[in-house]
Amino acid sequence: MRKFPFVVNSIKILIVDSEPENICFLSQFLRHQGYDIKTANSGKSALMQAQVETPHLILLDGKMPDMDGYEICRSLKSLPLTAEIPVVFFCHQEELVDRARIFDVGGADYLPLPFHLPEVLARIENQLVLNAKIRTRGNSDKDLERRGKLLFITDRALRKTVKKRHHLRDSSDDIARYDRLTHLPNQSWFVDRLHQRIIGKQSASGNSYAVLFLDCDRFKLINNSFGHQLGDRLLVAVARRLESCLRANDAIARFGGDDFTILLEGVRDVEHAIIAAKRIHQHLTAPFIIDNHQIFLNICIGIVLGNSDYHYPETILRDADTAMHAAKRKGTFCEVFSSEMYDLARNTLELENNLRLALERQELSVHYQPILSLTTGEISGFEALIRWYRPDEGFISPANFIPIAEETGLIVPIGTWILREACRQFRVWLNQKSVKSSARISINLSVKQFYQPDLIEQIDNILQETDLSGHNLNLEITESVLLDRDESAMKIIEQLRERQIHLSIDDFGTGYSSLSYLYRLPVNALKIDRSFIMRISENNKNLEIVKTIINLAHHLGMTVTAEGIETDHQATQLKSLKCEFAQGFFFYKPLDSKRVEEIFELHKAAT
Ligand code: C2E
Ligand code: MG
Ligand code: MG
């Protein structure tokens with residue numbers, strides 16, 4: 001157990017580094033340890049984020065492109081909100097001689113590069129404990145002086161912590177290196193083992209080796225559906241199956257959560273590694289029977305072949321993890337790491353960093369696509385669609401950045417902004433009587449947003465601020481929200497319905513909805529996905545599916561909106577099938593608020 005006087009997953013660490021590979025790997029490693037990690041890749045964004053997030057600790061690279069690390073540290077120390085945050089510098093070999101400068105500018109400690117993970121953890125823990133002590137003693141004029149003394153203790157305390165770790169490592173019943181649940185070795189053991197392999201101390205076969213990073217997909221869903229106890233038993237069963245399909249000289253560890261790592265010895269080439277991955281995949285995708293439940297797992301494996309370019313276990317693990325994520329994204333069972341994947345990860349990271357700043361730089365805006373009643377031909381509402389305009393790149397499609405926003409949790413602040421902005425705009429149009437009082441503004445709500453603990457409170461506040469009634473708001477959720485459906489999802493839906501807020505299932509037909517439980521869901525409408533509408537051809541082929549969906553929805557008391565209508569023929573067919581609402585380029589593209597107001601003017605002039 002950690003000795004912290006606080007809970008580890010509430011501890012925020014800001015990593016400031018211009019090297020994506022450092023940020024990526026270190027942040028993943030620290031997240032695995034339970035820390036809440038934020039990242040910044042420039043001095044400016046570091047200063048801004050430190051003000052907004054007030055992290056408990058900052059890890060700072062001395063070499064930043066826009067500002068010198070020492071300058072960043074000095075600025076942090078001069079600002080009231082950030083002055084007390086301990087700053088630990090990454091110290092490149094050549095900077096070690098000048099490390100006194102780190103302390104001159106107010107730095108708390110330094111981490112020599114390349115990283116040695118146990119040391120990283122020891123130094124971080126040390127700083128957090130010291131800082132917590134300083135905080136509990138309160139601020140006084142003597143703080144600086146005390147801090148100076150504590151710096152001295154830092155080194156002593158650090159030596160003690162590291163020594164303790166080594167002691168643990170040396171003992172034969174080394175509990176620190178085994179996972180209590182599965183009895184497999186843990187991450188720390190695996191990193192050491194890999195290190196030994198790299199330096200050639202434990203090459204059982206003399207041949208090359210491969211590292212596999214294995215992730216159980218949608219494990220959270222299993223925990224939610226069957227309970228954590230069953231989830232734990234499943235992890236134990238996975239561990240035993242993994243052991244049974246590996247050879248004695250291969251090494252396996254539970255890396256954390258539902259991630260496992262494997263060191264395969266004597267791997268001749270990529271094909272050989274893929275065959276092994278296939279074998280593992282086959283073993284693990286056969287159903288597990290636990291407590292009379294038949295459970296199927298979906299497994300993704302990232303593969304890296306060891307070679308002489310790899311000097312550190314951290315780098316191999318980073319690449320294996322990148323390959324695993326590529327497999328997840330592509331929906332394949334395994335992928336072998338390639339440099340293109342690295343480039344993609346780098347671009348994604350860059351996009352993520354820019355997205356963090358997009359709100360503040362006012363690069364985000366909302367466009368509105370009219371939704372028409374097929375009965376009256378009138379505009380019955382709008383769908384709010386986010387747009388990101390980058391001065392040097394132009395518009396970036398939501399399809400490219402919404403998934404990243406979801407993955408990183410940025411969707412939450414962005415989603416709140418959209419909700420407020422679209423409701424505000426709709427209030428203006430209602431006041432102008434440009435839209436009917438029964439009209440609705442439709443806003444997309446992602447899974448992460450849906451499960452924010454304060455979603456209802458937030459919606460209540462926004463509706464109150466904008467003086468909008470619940471019946472003017474339609475929230476579009478996807479089938480995946482309903483797939484993860486448990487008690488809490490039903491409660492949220494109920495609370496939304498109490499407020500007369502409309503709910504639609506977006507992109508209907510593309511997810512996993514089981515028609516059998518659709519009837520139990522208190523949603524108001526289905527939006528048929530564009531892929532079905534596209535297939536309504538001139539000879540009315542493929543009309544049957546659309547007809548079935550519309551009939552089903554009507555039978556369940558829901559209305560239907562068809563999205564992506566591009567031709568007159570599609571509109572006519574949908575009208576004849578009694579589809580109530582329509583949205584698509586045939587009528588209008590998504591428009592900025594100014595263009596929408598021009599349309600209102602045209603309509604007014606025509607009537
Ligand atoms: P969606 O919610 O299904 O939105 C409809 C998408 O279809 C929009 O794409 C719209 O421009 C496009 N569309 C509408 N009619 C036609 C048509 O006739 N032809 C074609 N080819 N496309 C049509 P967009 O704006 O690129 O958004 C893509 C997706 O990104 C959205 O799909 C939604 O899932 C997500 N998204 C957009 N804005 C937000 C947002 O504010 N929050 C969240 N969570 N997701 C958003
Ligand atoms: Mg939508
Ligand atoms: Mg849609």
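Whatever order the structure lists ligands and atoms in, that order sets their numbers, starting from 1.
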* When the ring planes of F382 and W429 are compared, do they come out parallel, tilted or perpendicular, using 30° and 60° as the limits? ->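 Rings of F382 and W429: tilted, 30 to 60°.
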Ionic contact status for [Y] with [X], cut-off 4.0 Å:
X: K527; Y: D529; result: no
X: D507; Y: R530; result: no
X: K436; Y: E378; result: yes
X: K491; Y: E494; result: no
X: R424; Y: E465; result: no

* atom 24 (P) of ligand 1: nearest protein contact (heavy atom, Å) ->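 Result: P398 CG, 3.8 Å.
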* Asked: In the protein, which heavy atom is nearest to atom 6 (C) of ligand 1, and how far is it?
  ->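 Of every protein heavy atom, L385 CD2, 4.7 Å lies nearest to atom 6 (C) of ligand 1.
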* Quick one: look at R530 and ligand 1, take heavy-atom pairs under 4.0 Å, and tell me if it's side chain, backbone, both or neither. =>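 R530 to ligand 1: side-chain contact only, backbone stays beyond 4.0 Å.
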With a 4.0 Å cut-off, strictly under, does [atom] pick up any protein heavy atom?
atom: atom 9 (O) of ligand 1; answer: no
atom: atom 44 (N) of ligand 1; answer: yes
atom: atom 38 (N) of ligand 1; answer: yes
atom: atom 26 (O) of ligand 1; answer: yes
atom: atom 29 (C) of ligand 1; answer: no
atom: atom 12 (C) of ligand 1; answer: no

* To do: Could you tell me whether F255 and F213 have their ring centroids closer than 6.0 angstrom?
  =>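 So the answer is yes for these two rings.
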* Do F395 and W388 have ring centres separated by under 6.0 Å? ->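 Centroid separation for F395 and W388: 6.0 Å or greater.
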With heavy atoms of [X] as the reference, note each atom of ligand 1 found under 4.0 Å away.
X: Q369; answer: 10 (C), 14 (C), 15 (N)
X: I418; answer: 41 (O)
X: E563; answer: 3 (O), 5 (C)
X: D506; answer: 1 (P), 2 (O), 3 (O)
X: G584; answer: 15 (N), 18 (O)
X: R387; answer: 11 (O), 25 (O)

I'd like to know if [X] contacts ligand 1, where contact means a heavy-atom distance under 4.0 Å to any ligand atom.
X: P590; value: yes
X: K589; value: no
X: H367; value: no
X: Q449; value: yes

* Asked: For the residue pair I303 and A323, what are the closest heavy atoms and their distance?
  ->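 Nearest pair, atom of I303 first, then A323: N-CB, 3.8 Å.
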* Asked: If you look at every heavy atom in Y588 and H603, which pair is closest and at what distance?
  ->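 Taking Y588 first and H603 second, the nearest heavy atoms are OH-NE2, 3.4 Å.
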N/O separation below 3.5 Å, [X] to ligand 1:
X: S397; result: no
X: E566; result: yes
X: A384; result: no
X: I386; result: yes

Would you say [atom1] of [X] has more than 12 non-hydrogen atoms from neighbouring residues, nucleotides or ligands within 6.0 angstrom?
X: Q464; atom1: CD; result: no
X: K604; atom1: NZ; result: yes
X: K328; atom1: NZ; result: yes
X: K575; atom1: NZ; result: no

* Evaluate the criterion side chain to side chain contact (heavy atoms under 4.5 Å, CB included) for residue pair V560 and L574; output intermediate values, then yes/no. => CA-CA 10 Å; V560 182; L574 286 158; over 6 Å; no
* Distance filter under 2.8 Å, centred on the Mg ion (ligand 2) - protein N, O or S atoms that pass it ->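 Within the sphere that stays under 2.8 Å of the Mg ion (ligand 2), the protein atoms of type N, O or S are E383 OE2, N444 OD1, E476 OE1, D506 OD2.
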* Nearest heavy atom to atom 17 (C) of ligand 1: which of F587, F585, F586, W417 does it belong to? ->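 Answer by nearest heavy atom: F585.
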* Counting heavy atoms only, which of I402, D507, I533 is nearest atom 35 (C) of ligand 1? ->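 Nearest option to atom 35 (C) of ligand 1, by heavy atoms: I402.
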* To do: Give the C-alpha distance, both sets of side-chain angles, the deciding distance and a yes or no for side chain to side chain contact (heavy atoms under 4.5 Å, CB included) between I550 and L526.
  => CA-CA 9 Å; I550 295 174; L526 293 187; over 6 Å; no
* Name all residues meeting the side-chain contact (heavy atoms from CB on, under 4.5 Å) criterion together with I404; count only those two or more places apart in sequence or in a different chain, and write none if there are none. =>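 Only T348, L351, E352, T408 meet the side-chain contact (heavy atoms from CB on, under 4.5 Å) criterion with I404.
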* **Donor on one side chain, acceptor on other, Q51 and T54, under 3.5 Å** =>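 No, no side-chain donor-acceptor contact under 3.5 Å.
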